[in-house]
> 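Sharing a structure below in structure tokens format, with a few things to ask.
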Amino acid sequence: MYDEIEKLAINALYDATCKIGAEVSKDKILLEFPPNHDMGDLASTVTFQLAPILKKSPAMIAEDIVEVIDTPNVFLKVESKGPYVNFFIDYNTFSEGLLNSINEDYGQLSKIDEKIVLEHTSANPNGPLHIGHIRNSIIGDSIGRLLQSSGREVETQYYVNDMGRQLAMVVYGIKELGLKIEDQGEEKIDHNIGRIYLKVNQELEKDPSIDDGVTNLIKEYELGGNEKLNQLFHDTIDKCLIGFKQTLKRMNVYHDKFVWEGDFIRNGDVDRYVDEMVEIGYARMEDVLRLKLGDYQIKNDLVLRRKDGTSLYSTRDIAYHMYKCDQGDIVLDILGADHKLAYKQVKAALTILEKIEEDSEDVSVLFYEFITLPEGSMSSRTGNFISVDELIDEAVTRATEEIKSRRKDLTDEEVADIAEVIGVGAIRFYISRLSPEKHIKFKWEEALNFERGCASIQYAHARASKLIQKADDQGIKLEELSFEDNWEPNELERNLVRTLAKFPKLIGESAEIRRIHPIANYCQELASDFNRFYKENQVVGSEFENARLILVEKTKITLKNSLDILGVTAPQRM
RNA sequence: GGGCUUGUAGCCUAGCUGGAUAGGGCGUUAGACUCCUAAUCUAAAGACCGUGGGUUCAAAUCCCACCAAGCCCGCCA
């Protein structure tokens, strides 16, 4: 809807510039939003481009344009203000059209023939997910939802690191130190595995020879001949993943597929690609087998095999990325900023293997900076971290108190359901609203804020739901409503309509730049517009009951759909 | 030492393909529940956009230098 309006404005501007003797190509005419609403709904700055051509000041050109421009129907007027040409939407006609165009799928853009393989989370299965990992999951899951909403096909994958040193340490603890997962005294199984990892690290401090034992396990598992050992690795990982999935499910984070890195050893891909890189000449045996990447402006070699011949994470990751390239048109990874160099190296390897062109954007990544605790970095190794389970529990506990202090009429069960939705929402929103390149110093009060933030958006949705419910109770059939003839949207209604109208365009743009924080921003803006409207305007029983009920219903849909992209549940009540 | 990222009011943050008075929010101050949930709303105060140069008609936005914080530069992942 907004797109169409923009097109009309651009066409009108184009015609006007022709009339005053200065043609600019249409794609050079850009529109922006004026800083506030009394300056109009859309603004153009073409006059700056025309100034040197026409040898006139932008302000004069703006006046000339306004003089000759044919105001398209959806607009009430076109005005010049200084160098700007401002368009004012005629909300009396626009609002109905816009609201009629909003249905349950609002924000779901038309299909784009593009499949994206999206990898996110992929935490090592050696202990519970902590708040460092969850930034990856939240961004990844939301990006997946966003890309889907933008019309693309998305397959999300979790890359299971079964061959890493961390996991081998856990297995060492079970096999050589006699530690049992079930005996660790934690409630959740992934937490128990984390205890073992911690204990093995402590033992390692005392007895450095454990290191050799772990190295041997890695080698033996990679060779694959020891069935019993393979089984132990697999069982341990499966157990840990059960814990992960519980946590992720609570966070509304889902994966379509779990891909095990060991599979790329077993199926021979790793050997084949390494051999190929040796053949082409980029991989050379020095002290160890090194991939030389000077041609790709990377000074650091990538070691492909240890001295004992075993592969490294990056070696397997090359094979995994080769696989992903075959699974879709676009490969997208969500990675912590610490992986930047490694990622460049893997991508260079893909180029060497002629899977992609150099600097191809078909394989790309979204980096996010770290979340640290006020006292420093988190570490599974030392046990210094806040787990996601703890975080959710705390969020839900605080939300429960909050609800109980406001609502005495709900049953414990109802309170628990709402608390879960609000607690999880607060966490997802806390992460989603920030640019990924911002380093986060974790603070409880900031993460679990129920004033403003996510709760106020969910509250707006609950309010809207209540209104619809109320109308329904009175026997009003929403789908049969039509606008009152004399309804002319007031300022608060216009603001709401304007914000609603922006949604599809925002989806497209955010998906294009692969950012979710504009969506979080939008949710807040929409909720805020709705709350203002709600405060000042009676809906049920008012002179414009129909129009306002429609407005509320469409706002409710849009709130729900925008929250859905953030993986936040929109509650019917709270 | 080299590289990447960040630096916007007491605090968190948007804007960063250069363009209108730098948007929000928290906190502070002053108000609003006989009226569809006050997890809300209204208003006020609060910013030399890290510092110093430069480019431009125009710089939070682009360029250079410096300062500060985080990350990377492993036969870890």
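All chains are named by letter (A, B, ...) in the order of the sequence lines, taking the proteins before the strands, and each is independently numbered beginning at 1. Everything numeric here is computed off the predicted structure, so don't read it as measured data.
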> Side chain of A:Arg532: nearest nucleotide among B:U40, B:C72, B:U42?
B:U42
> Across all strands shown, which nucleotide pairs with B:G1 by Watson-Crick or G-U wobble geometry, both distances under 3.5 Å?
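The answer is B:C73, by the H-bond criterion.
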> To the side chain of A:Arg452, which of B:G25, B:U37, B:A69 is closest?
B:G25
> Base, sugar-phosphate alone, or nothing: which one does A:Val540 contact when heavy atoms must sit under 4.0 Å apart?
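Base: the residue A:Val540, judged by heavy atoms under 4.0 Å, touches a nucleobase.
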> Can you tell which of B:U21, B:C73, B:C41 lies closest to the side chain of A:Glu536?
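Among B:U21, B:C73, B:C41, the one nearest the side chain of A:Glu536 is B:C41.
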> Output the single nucleotide from B:A38, B:U37, B:C41 whose closest atom is nearest the side chain of A:Arg407.
B:U37
> Between A:Arg463 and B:A38, is there a side-chain N or O to OP1/OP2 distance below 4.0 Å?
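Result: yes.
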> Does a side-chain N or O from A:Tyr313 land closer than 4.0 Å to OP1 or OP2 of B:A77, or not?
no
> Please classify the nucleic acid contact of A:Asp317 as base, sugar-phosphate, or nothing, using heavy-atom distances under 4.0 Å.
nothing
> So, OP1 or OP2 of B:A77: does either fall under 4.0 Å of a side-chain N or O from A:Arg306?
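Yes.
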> By the 4.0 Å heavy-atom rule, please label A:Leu30 as base, sugar-phosphate, or nothing.
nothing
> Establish, yes or no, whether the cationic atom of A:Lys77 lies under 6.0 Å from the six-membered ring centre of A:Phe88 and within 45° of the ring axis.
yes
> If you check every side-chain atom of A:Lys535, which of B:A20, B:A32, B:A69 has the closest atom?
B:A32
> Looking at every strand, decide which applies to A:Ala43 at a 4.0 Å heavy-atom threshold: base, sugar-phosphate, or nothing.
base
> Touch check for A:Ala460, heavy atoms < 4.0 angstrom, all strands: base, sugar-phosphate only, or nothing?
nothing
> Is it the case that over 12 heavy atoms from other parts of the model lie below 6.0 angstrom from the CD atom of A:Glu361?
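Counting neighbours around CD of A:Glu361, 12 or fewer heavy atoms of other residues, nucleotides or ligands fall under 6.0 Å, so no.
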> Indicate, with a heavy-atom threshold strictly under 4.0 Å, whether A:His517 touches base, sugar-phosphate, or nothing.
sugar-phosphate
> Between A:Lys438 and B:A14, does any side-chain N or O lie under 4.0 Å from OP1 or OP2?
yes
> Hey, is the main chain of A:Leu304 close enough, under 3.5 Å, to the side chain of A:Thr315 for a donor-acceptor pair?
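Pair found, side chain donor or acceptor close to backbone of A:Leu304.
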> Within less than 4.0 Å of OP1 or OP2 of B:C73, is there a side-chain N or O belonging to A:Lys340?
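No.
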> Under a 3.5 Å cut-off for both contacts, is B:C26 paired Watson-Crick or G-U wobble with anything, and if yes, with which nucleotide?
B:G10
> Report the distance from atom CG of A:Leu341 to atom C1' of B:G2, rounded to the nearest whole Å.
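Atom CG in A:Leu341 sits about 12 Å away from atom C1' in B:G2.
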> Scan A:Ser377 against the nucleic acid and name what it touches under 4.0 Å (heavy atoms): base, sugar-phosphate only, or nothing.
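Here A:Ser377 touches the backbone only, sparing every base.
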> Could you state the atom-to-atom distance from CD of A:Glu437 to P of B:C72 in whole Å?
18 Å
> Can you identify which nucleotide, out of B:C36, B:A77, B:G74, has its nearest atom closest to the A:Gln538 side chain?
B:C36
> Would you please confirm or rule out a distance under 4.0 Å between OP1 or OP2 of B:A14 and any side-chain N or O of A:Ser435?
yes
> Could you tell me the Watson-Crick or G-U partner of B:A47, where both distances fall under 3.5 Å? Say none if there is no partner.
none
> Confirm from the modelled atom types if A:Asn86 and B:A20 form a donor-acceptor pair under 3.5 Å, side chain to base only.
yes
> Picking from B:A39, B:C76, B:C71, which would you name as closest to the side chain of A:Ile403?
B:A39
> Donor-acceptor check, side chain of A:Thr121 to backbone of A:Ala123, threshold 3.5 angstrom: yes or no?
no
> Both distances under 3.5 Å, Watson-Crick or G-U wobble: report the partner of B:A58, or none.
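Paired with no nucleotide.
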> My understanding is that a pair needs two contacts under 3.5 Å, Watson-Crick or G-U wobble. By that rule, which nucleotide pairs with B:C35?
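No nucleotide pairs with B:C35.
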> With a 4.0 Å cut-off on N to O distance, would you call A:Arg306 and A:Glu222 a salt bridge?
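Looking at A:Arg306 and A:Glu222, the cut-off is not met.
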> Would A:Arg532 and A:Glu536 pass as an ion pair if we require N to O under 4.0 Å?
no
> What's A:Gly82 touching, base or sugar-phosphate or nothing? Going by heavy atoms closer than 4.0 Å.
nothing
> Both A:Glu402 and A:Gln49 contact RNA chain B. Which one's nearest nucleotide lies toward the 5' end?
A:Gln49
> What is the nucleic acid contact for A:Tyr534, judged by heavy atoms within less than 4.0 Å: base, sugar-phosphate only, or nothing?
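Counting heavy atoms under 4.0 Å across all strands, the contact made by A:Tyr534 includes a base.
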> Give one of base, sugar-phosphate or nothing for A:Thr372, where a contact means two heavy atoms less than 4.0 Å apart.
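Nothing: the residue A:Thr372, judged by heavy atoms under 4.0 Å, touches no strand.
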> Please state how far atom CG in A:Asp338 lies from atom P in B:G70, giving the value in whole angstrom units.
15 Å
> Is any N or O donor-acceptor pair between the side chain of A:Asn36 and the base of B:U21 shorter than 3.5 Å?
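Flag set: donor-acceptor pair detected.
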> Hey, does A:Arg433 reach any base, or is it just sugar-phosphate, or nothing, if we go heavy atoms under 4.0 Å?
base
> Can you tell me how far P of B:G74 sits from CG of A:Leu291, to the nearest Å?
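Interatomic distance, CG of A:Leu291 to P of B:G74: 15 Å.
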> Students often get this wrong, so: under 4.0 angstrom with heavy atoms, is A:Leu312 touching a base, only sugar-phosphate, or nothing?
sugar-phosphate
> Please work out if A:Lys299 contacts a base, only the sugar-phosphate, or nothing of the nucleic acid, heavy-atom cut-off 4.0 Å.
sugar-phosphate
> Out of B:A38, B:U6, B:U40, which has the shortest distance to the side chain of A:Asn531?
B:U40
> Strictly below 4.0 Å, N to O, side chains only: are A:Lys477 and A:Asp472 in salt-bridge contact?
no
> If I pick the C1' atom on B:A44 and the same atom on B:U6, what distance separates them, to the nearest angstrom?
33 Å
> Is the phosphate of B:C75, meaning OP1 or OP2, less than 4.0 Å from a side-chain N or O of A:Lys307?
no
> Under 4.0 Å between a side-chain nitrogen and a carboxylate oxygen: does that hold for A:Arg515 and A:Glu509?
no
> Find the distance A:Tyr158:OH to B:A77:P and express it as a whole number of Å.
15 Å
> Should B:C33 be called syn or anti, with syn set as within 90° of 0?
syn
> Verify, without hydrogens or angle tests, whether A:Gln49 (side chain) and A:Lys28 (backbone) share a donor-acceptor contact under 3.5 angstrom.
yes
> Quick one: which of B:A39, B:C36, B:A77 gets closest to the side chain of A:Val539?
B:C36
> Remember a base hit wins even if backbone is also touched, and classify A:Pro34 as base, sugar-phosphate or nothing at under 4.0 Å, heavy atoms.
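Base, at least one base heavy atom under 4.0 Å.
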> Between C1' on B:C26 and CZ on A:Phe450, what's the gap in Å once rounded to a whole number?
15 Å
> Is it true that A:Lys441 and A:Glu446 make a salt bridge, defined as a side-chain N closer than 4.0 Å to a carboxylate O?
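Judged by the 4.0 Å cut-off on N to carboxylate O distance, A:Lys441 and A:Glu446 do not form a salt bridge.
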> Please determine, for the side chain of A:Glu32, which listed nucleotide (B:A20, B:A77, B:C36) has the closest atom?
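The nucleotide sitting nearest to the side chain is B:A20.
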